[in-house]
Amino acid sequence: MAYFGNNQQRGELQELYADLNDLNFEKKKEAIKKVIAYMTVGKDVSQLFQSVIKCLEFQDIEMKKLIYLYIVNYSRQKPDDAIMVIQNFRKDVRKSENPLVRALAIRTFGCLRVPKLNEYLIEPLKDCVQDDDPYVRKTAVLCVPKVFEVSPELCPALLEQLQKLLEKESNALVLANLIQSMREIEVVNGKQLIVLNPKIIQKLLLAIDECMEWGQIFILDYLATYDPVDSKQAEIIIERTLPRLSHINPTVTFCAVKLILKYLDYLNNGDLVKNLCKKISPSLISLLSWNQPEIQYTILRNISLILQKFPILFENEVKVFFCSFNEPYYIKYEKLDIMVRICDSKNFHQVLNELMIYINEADPHFVRKTIKSIGKIAVMYDKALAEAVSILVEFAKNVQQTNEAVQELFIQMQIIYRKNRNLYKTNDSLKILFSIIDYANEPEAKSACAWIIGEFAEFIPKSVEKMGEYVDNFILEDRLVQLQILTSGVKLYIKYPSLCSALIQQLINSAKDSFNPDVRDRTYIYWRLLSTDPEIVKNLICYVAVGSSQFQKDIRLWETKDLITALENMGSISNLFHKLPNQLYKNIKVRNNNQQEVKIYKADEKQEVPSKEQEIKKDDQIQQQQQQPKQDFDLLNFEEPVSNNNNNNNNNNNNNNNNNNNNNNNNNNKIDVYDLI
Amino acid sequence: MFSQIFILSPRGDTIINRDFRSDLPKSTPETFFRQAKTYSGDANPLFNVDCIQFAHIKRGGLYIVGTSRFNLQPAMSLELLDRLAKEIKDFCGVINEEVLRKNFILIYEILDESFDFGYPQLMATEQIKPLIVNEPIQPQPDSVMNSLRPKIQTFNIFVPNTMGSQAVQRSVLNKNQANEIFVDIYEKLNVLFNSSAYVINQSIEGCIQMTSFLQGNPPLKLALNEDLQIGRQQGQYSAGVILDDCNFHECVNANELDMNKTLRIQPPDGQFVVMNYRISGDYAAPFRLFPIIEEISSSKIEVTIKLKACFDAKIIASYANIRIPIPKQTANAYPELVKNAQQETAEYDSNKKIIEWQIKKLCGGQERSLKIKLTLQATQTAHTARKEIGPIAMNFEIPMFNVSRLQIKYLRIEERGNTTNPHRWVRYITQSSSYVCRI
C-alpha cells in the first residue's frame with residue numbers, strides 16, 4: 001500500500017512541477033492553487049519551493065497572495081531557499097506603486113520568522129512605518145512585534161520609531177494597531193514602552209470615535225490599565241467613553257464598562273459617581289440579555305466579580321437574574337449564584353419565591369443548586385430563615401425517591417440547624433427529615449444525617465435504632481461519615497447511657513482498628529475520655545452552640561489583593577475561570593498591588609451619596625480578633641461536593657471546638673488538635 | 001491574540017488552516033477535534049487544552065475555531081469568529097462544506113485582510129471588498145453532493161428560524177443584483193405568567209436588522225415612532241414607546257434620535273443589525289393561557305388549557321406550539337382536542353412525559369382549548385402529582401406584528417443618484433423567547 005501511496009504522491013508532485021514551469025500563465029496559476037490546496041490538507045509540498053517562488057515575477061496580485069501564503073508556510077523549513085525571495089520582497093516594498101502590494105509584502109515578510117532573514121527586513125520595515133499610505137503603516141506597525149519576537153536585538157531603532165509615531169500619528173486605525181503592538185512588545189520585553197502624556201491621551205480619545213470596533217477595544221483596554229493623574233482627567237476620559245456603552249459590539253461595551261468602573265475610584269464627586277452607576281447598569285443588563293448565550297455567560301461570570309466591588313449596580317435589579325426556562329444550564333447556574341450574592345434583607349422574599357419555583361424543575365442537578373442557594377440565604381439572613389426553611393420542608397414532604405437534590409437537602413438542613421438550633425421547636429422539620437432519612441446516600445449527606453440524629457436525639461422518636469443501623473454498617477461507610485457517626489454515637493451515649501451502652505461498645509470495637517488514622521485516633525480519644533469522666537465529655541460533646549458568630553455573611557469571591565488584579569483583567573479568560581491570570585498562564589507576570597483596601601460602592605438609603613464604606617479590610621481585622629482567620633464558612637462554594645472533601649466537616653468541627661474553647665476547659669484543646677488532623 | 005484560525009468539516013478534516021503566529025504545534029486542529037468529540041452534545045464554545053485556548057462556533061455544521069496562548073477576552077474571540085462567519089457568508093452567500101472547499105482561496109484572502117498577526121484588522125464586508133481579488137464560485141445547485149448531504153441543523157434557540165427570505169443566500173460580490181434593501185424588526189418576548197394569567201415578569205428583546213443590496217451604499221435616514229423614548233425613569237408611566245436601553249451599529253449616527261427620532265445610517269453591504277433594544281415595561285402579551293387542574297379522583301387528574309390570542313383579527317400567528325410537562329408517575333395521558341378542531345394536533349410523549357400541542361395557524365381574537373386526562377400510577381396521589389404539572393411553555397411566531405409598537409415611519413434614501421427607486425422591504429416578526437405559564 002505504502003508503495004502505491006508514495007508513487008501516487010510523487011506523480012502528483014511531478015505533475016504540479018511541470019505545470020508550475022509551464023509557460024502558460026493560467027496553467028501556472030491553477031497549479032499554485034492546487035499546491036495551496038495540498039498545503040491546507042497537510043500534504044508536504046515543500047519540494048516545490050523553488051518552482052513556486054519563480055512565479056513571483058508576475059505582477060498579478062492574486063498570484064502574489066497565493067505564493068506568499070506558500071512561502072509563509074514553508075520558509076522555516078527552507079530558510080536557505082527563502083533568502084532568494086528577499087530581493088523580490090524588497091523590490092515590492094520599495095518600488096511598488098500599489099499600497100496593497102507594499103502592505104502585502106511587508107505583512108508576509110514579518111511572518112517568515114527566520115532570524116537570519118530579519119536583518120534584511122529592518123530597512124524596508126523602517127520605510128514602511130513612515131509610508132504615506134495608512135494601510136501600509138498599519139500593517140508595518142503590526143510587523144514590528146513579529147520581528148521583535150524572533151530577533152529582539154535588531155529592534156531598538158524600530159521601537160524608537162514607534163514611539164515617535166505615537167506622537168505624530170493621526171490615523172485612528174494605525175494608532176490602534178500601534179498601541180496593540182507596543183503593548184505586546186511591552187509584555188515580551190518587560191519594559192514600559194508607551195509613555196502617555198495628556199496630548200497622547202487626548203489623541204487616543206479622539207481616535208476611539210474614529211476607529212473601528214476592534215481598534216476601540218484595543219484603545220479602551222489600554223486606557224483601562226492607565227492610572228489617571230487626578231479627578232479631572234478621569235472625568236474627561238469617562239466622558240469620552242460614555243458613548244461606547246451603547247455600541248453594538250458586546251466587547252466594546254464591556255471594555256467601556258471596565259474602564260469607567262476603574263476610573264470611578266479617582267472621581268471625587270459623589271453625585272457624578274452615582275449618575276455614572278445609573279448609566280452603566282442598563283448597559284450591563286443589556287449585555288446579560290444578549291442574543292448569544294456564550295456572551296451572556298462570559299458577562300455573568302464577570303458580574304460576580306463586579307458585584308463584590310459595586311453592589312450598587314444591581315440594586316433593585318434582581319429580576320434580571322431570574323432564569324428563563326429555555327436557557328442553557330450553564331447560564332442558569334451562574335444566575336443562581338448571582339441571585340444569592342445580591343439577595344439582601346430587602347429582596348429575599350422575591351428571591352425565595354423565585355427559587356421555590358425552580359425546585360420543581362426536571363434537572364436534579366439544577367434543583368440541587370437551588371436547594372443549596374436557599375440554604376445559603378437561610379443562613380445569611382435571619383429574617384429569611386422561616387420562609388426558606390418552609391420551602392425546604394415543603395420539598396422534603398414531596399420526596400419520593402433518592403436523588404441528588406435530596407442529598408443537598410440534608411446537607412443544607414444540617415447547616416441551618418447548626419446555626420439555629422432552636423429551629424426544631426418551631427416546626428415539624430425534624431420529623432419530616434427523619435421520615436426520609438433513608439434516602440441519604442452520599443457521604444456528606446449521610447454525615448449530615450448522623451449529626452442531626454446525634455444532636456436532636458431527644459426529639460427524634462427512633463434515634464437509637466437508627467444510630468444502631470449506622471453502627472452496624474460502620475465499616476462500609478466513608479471516612480467522613482465514620483467520623484460523624486463516632487461523635488454522634490458518643491452524644492447518644494451521653495444522652496441515653498443505659499440504652500446505648502451496647503451500641504457504644506460495638507461502635508468502639510469496629511472503629512478502634514480502622515485503617516484510617518483519623519477515625520482510629522478519634523475513637524481512642526473518645527474512649528479514654530469516656531472511661532475517665534463522662535461529665536467532661538458531656539460538656540464537651542453536647543455543648544449547645546450559642547449565637548451564630550461563626551456563620552459570617554461572607555460572600556466574597558476574592559481576597560482584596562486579588563480583587564484588584566482580577567478587576568484589572570475583567571473580561572479576560574482567566575476571569576471566566578475565576579482565576580488570576582498568573583494562575584492560568586505561567587508566563588504572565590502580575591503587577592504587584594500594594595493597595596490594601598478596595599472601595600465598595602453601595603447604595604445607602606440614609607446618605608444620598610454612595611458612601612465608600614465597609615472596607616473589606618475591616619472584616620479581616622474582625623476575623624483576626626476572633627483568632628479564626630481561615631475559618632470562613634465557605635457559603636458560596638458552588639462546586640460539586642466531592643465525596644472525600646472534608647472541608648466542610650472540618651470547618652464544622654472547628655466551630656464546635658471553638659465553642660468548646662469558649663468553655664475554657666483545658667481538656668478541650670486535646671480534641672481540638674485531634675479533630676483538625 | 002489568535003494564533004491560528006482553522007475551519008474543520010463535521011468529520012474533522014481541515015478545510016482552512018491559517019497560522020498567524022507559528023507558536024502552536026501543527027497538530028492543533030486534531031487536538032481540537034478530539035477534544036470537541038468528547039462532549040456528548042455540542043462542545044463548549046470555549047475550552048482549554050494544555051494551555052491552548054480554543055474558541056469555536058459552529059456554522060453550517062462546520063467548526064470555525066480560533067486558538068490562542070494569550071489571556072484573551074472570550075466575548076471578543078467569539079464575536080470575532082462570528083464576524084468572520086458573517087463575512088464569509090456575505091462573500092459566498094452560504095456557509096457549507098462544499099462552498100468553502102470551492103472558495104478556499106477566497107477565504108484565505110478574507111482571513112488575511114481580517115486578521116494580521118492574529119489581531120483583527122478590517123472586519124466589515126464593504127471595507128475588505130476592494131482588497132479582495134477572487135470571485136466566489138457558486139456551487140452547483142443540484143449537485144449530487146447537495147442532495148446527499150444530510151441537513152445539519154444546530155439547535156440554537158436564539159437563531160431566528162423564521163420564514164425564508166429572498167434576502168439571504170446571496171453574495172455581495174454578485175454584480176447583477178436588484179437594487180434593494182430589507183429591514184426586519186424582530187422582537188423576542190419573555191413573559192412569565194402565574195396560574196391566574198397574571199404577568200409576573202416580562203421583557204422584550206428586539207432588533208432592527210437590515211440586509212442591504214443598495215448600489216453605491218447611499219446614506220439612509222430611518223425614522224422611528226415620534227413617541228419614542230429612551231431610558232426609563234422609575235415610577236414613570238408614559239403612553240409612548242419606552243426603550244430601557246439600546247445600542248447601535250457603527251454605521252449608525254444616533255445624534256438626532258432624541259430630537260426627531262431619526263437614525264442616519266451609512267449602510268455597509270450585506271446583513272447588519274442597526275440597533276438592538278430592550279424593553280422591560282408592561283405590554284399586552286399576545287397570548288394568554290388559562291390552565292385549570294381538576295382532581296377527578298385520587299388517581300385521575302383533568303387538565304384544561306385555554307389559549308386566547310389577544311391581538312387584532314387581521315393578524316395570523318404562523319404557528320403556536322405548547323408544551324405541557326406532566327407528572328413523572330403518569331400511567332397514561334389522553335389529550336383531547338375540541339371537536340372539529342382544524343390544523344391542530346396534540347400528542348403525548350410517554351418517554352419525556354410531555355404533551356405537545358401544536359397549532360398551525362391562529363387568527364387574532366380566536367380561542368382554542370385542550371383537555372388532558374391523566375391517569376396516575378398507584379404510587380402517587382393526585383394531590384401531590386398536580387404540583388408536577390407545568391410550567392407550560394409556549395413557542396410561537398407572529399409575522400407582521402410587533403408588541404412594542406416600535407415602528408419604521410419611513411426609510412429615506414438620501415442621495416438617489418440613478419433614476420431607479422430601490423425597493424425597500426419592511427417586515428415585523430414577533431417570536432417567543434421564553435413564554436411560560438406557571439401552574
Side-chain angles (χ1 to χ4, degrees), chain A residues 33 36-37 40-42 61-62 65-66 69 73 76 100 107 110-111 113 138-139 142 145-146 177 180 212-214 217 246-251 253-254 282-283 285-286 289 291-295 298-299 319 322 324-327 357 360 362 398 400 569 571-574 576 581 584-585 588, chain B residues 13-17 19-20 22 26 45-46 51 53 71-76 78-79 82 104-105 108-109 112 116-117 119-124 131 133-134 157-158 190 201 203 205 207 231 244-250 254 273 275-276 278 325 379-380 384 387-388 391 393 433-434 436 438:
Chain A
K33 280 186 182 171
I36 303 287
T40 301
V41 295
I61 190 159
E62 187 183 352
K65 280 189 174 179
L66 293 174
L69 199 61
N73 225 328
R76 274 191 302 171
L100 287 188
R107 186 164 71 203
C111 296
R113 305 173 68 88
K138 83 155 181 84
T139 316
L142 262 191
K146 298 182 195 171
N177 271 359
Q180 198 56 28
M212 293 182 324
E213 43 200 328
W214 313 111
I217 294 172
S246 59
H247 198 282
I248 206 157
N249 185 328
T251 321
T253 315
F254 196 70
S283 300
I285 295 171
S286 287
S289 43
N291 55 11
Q292 280 164 287
E294 294 87 357
I295 304 277
T298 59
I299 304 297
K319 266 191 180 180
F322 287 178
S324 304
F325 87 104
N326 56 354
E327 279 168 335
I357 303 285
N360 294 327
N398 288 329
Q400 302 277 343
N569 289 290
S572 66
I573 202 133
S574 56
L576 194 77
L584 199 61
Y585 297 95
I588 292 183
Chain B
D13 307 326
T14 314
I15 302 174
I16 302 287
N17 184 1
D19 195 335
F20 297 112
S22 319
K26 289 235 189 264
L46 294 155
C51 275
Q53 295 298 343
N71 196 12
L72 289 187
Q73 302 206 19
M76 179 169 165
L78 292 171
E79 183 74 15
D82 188 53
F104 74 97
I105 292 179
Y108 274 123
E109 262 196 290
D112 269 342
D116 188 5
F117 205 38
Y119 290 113
Q121 296 295 309
L122 304 169
M123 289 217 75
L131 309 171
V133 292
N134 270 290
I157 43 171
F158 292 92
N190 287 304
N201 200 359
S203 68
E205 283 150 35
C207 75
D244 281 50
D245 187 41
C246 53
N247 52 41
F248 305 97
H249 192 268
E250 282 192 318
V273 175
M275 160 180 174
N276 283 319
R278 182 169 58 81
T379 47
Q380 202 177 22
T384 53
K387 289 189 184 117
E388 287 184 38
S433 168
S434 163
V436 178
R438 286 177 180 163

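Below, all heavy atoms of this structure are taken into account, side chains as well, without hydrogens, waters or symmetry copies. Bear in mind that the values here come from a model prediction, so they are computed numbers and not experimental data.
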Best-contacting candidate, A/Ile248, A/Ile285, A/Ile299, against chain B by heavy atom pairs under 4.5 angstrom: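 Most heavy-atom pairs within the cutoff with chain B belong to A/Ile248.
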
Quick check on [X] against chain A: is it the side chain, the backbone, both or neither that has a heavy atom closer than 4.5 Å?
| X | answer |
| --- | --- |
| B/Val436 | side chain |
| B/Phe117 | both |
| B/Leu131 | both |
| B/Leu122 | both |
| B/Asp13 | neither |
| B/Gln53 | side chain |
| B/Tyr108 | side chain |

How close do [X] and [Y] get, heavy atom to heavy atom, and via which atoms?
| X | Y | answer |
| --- | --- | --- |
| B/Met123 | A/Trp214 | CB-NE1, 3.3 Å |
| A/Ile573 | B/Pro74 | N-CD, 3.5 Å |
| B/Arg278 | A/Pro282 | NH2-O, 3.0 Å |
| A/Met212 | B/Glu250 | C-OE2, 3.3 Å |

Stepwise side-chain contact (heavy atoms from CB on, under 4.5 Å) test for B/Ile105 and A/Leu69: CA-CA 10 Å; B/Ile105 292 179; A/Leu69 199 61; over 6 Å; no

Quick one: [atom1] on [X] to [atom2] on [Y], what's the gap to the nearest 0.5 Å?
| X | Y | atom1 | atom2 | value |
| --- | --- | --- | --- | --- |
| A/Glu213 | B/His249 | CD | NE2 | 6.5 Å |
| B/Leu78 | A/Thr251 | CG | OG1 | 9.0 Å |
| B/Gln73 | A/Ile217 | CD | CD1 | 6.5 Å |
| B/Asp245 | A/Ser246 | CG | OG | 7.5 Å |
| A/Thr298 | B/Met76 | OG1 | CE | 13.0 Å |

Expected output: side-chain B/Glu79 to main-chain A/Pro250 donor-acceptor under 3.5 Å: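 Pair absent, no side-chain N/O of B/Glu79 close to backbone of A/Pro250.
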
Side-chain (B/Asp116) to main-chain (A/Arg107) donor-acceptor, under 3.5 angstrom: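 Here the side-chain-to-backbone pair does not exist.
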
Residue pair A/Asn398 / B/Glu388, side-chain donor-acceptor N/O under 3.5 Å: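 Their side chains do not contain a donor-acceptor pair, so the 3.5 Å distance test is not met.
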
Chain A contacts, top residue of B/Ile16, B/Ile15, B/Asp112, B/Val273 (heavy-atom pairs, under 4.5 Å):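 Highest number of heavy-atom pairs under 4.5 Å: B/Asp112.
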
Step-by-step side-chain contact (heavy atoms from CB on, under 4.5 Å) determination, B/Asn276 to A/Ser286: CA-CA 9 Å; B/Asn276 283 319; A/Ser286 287; over 6 Å; no

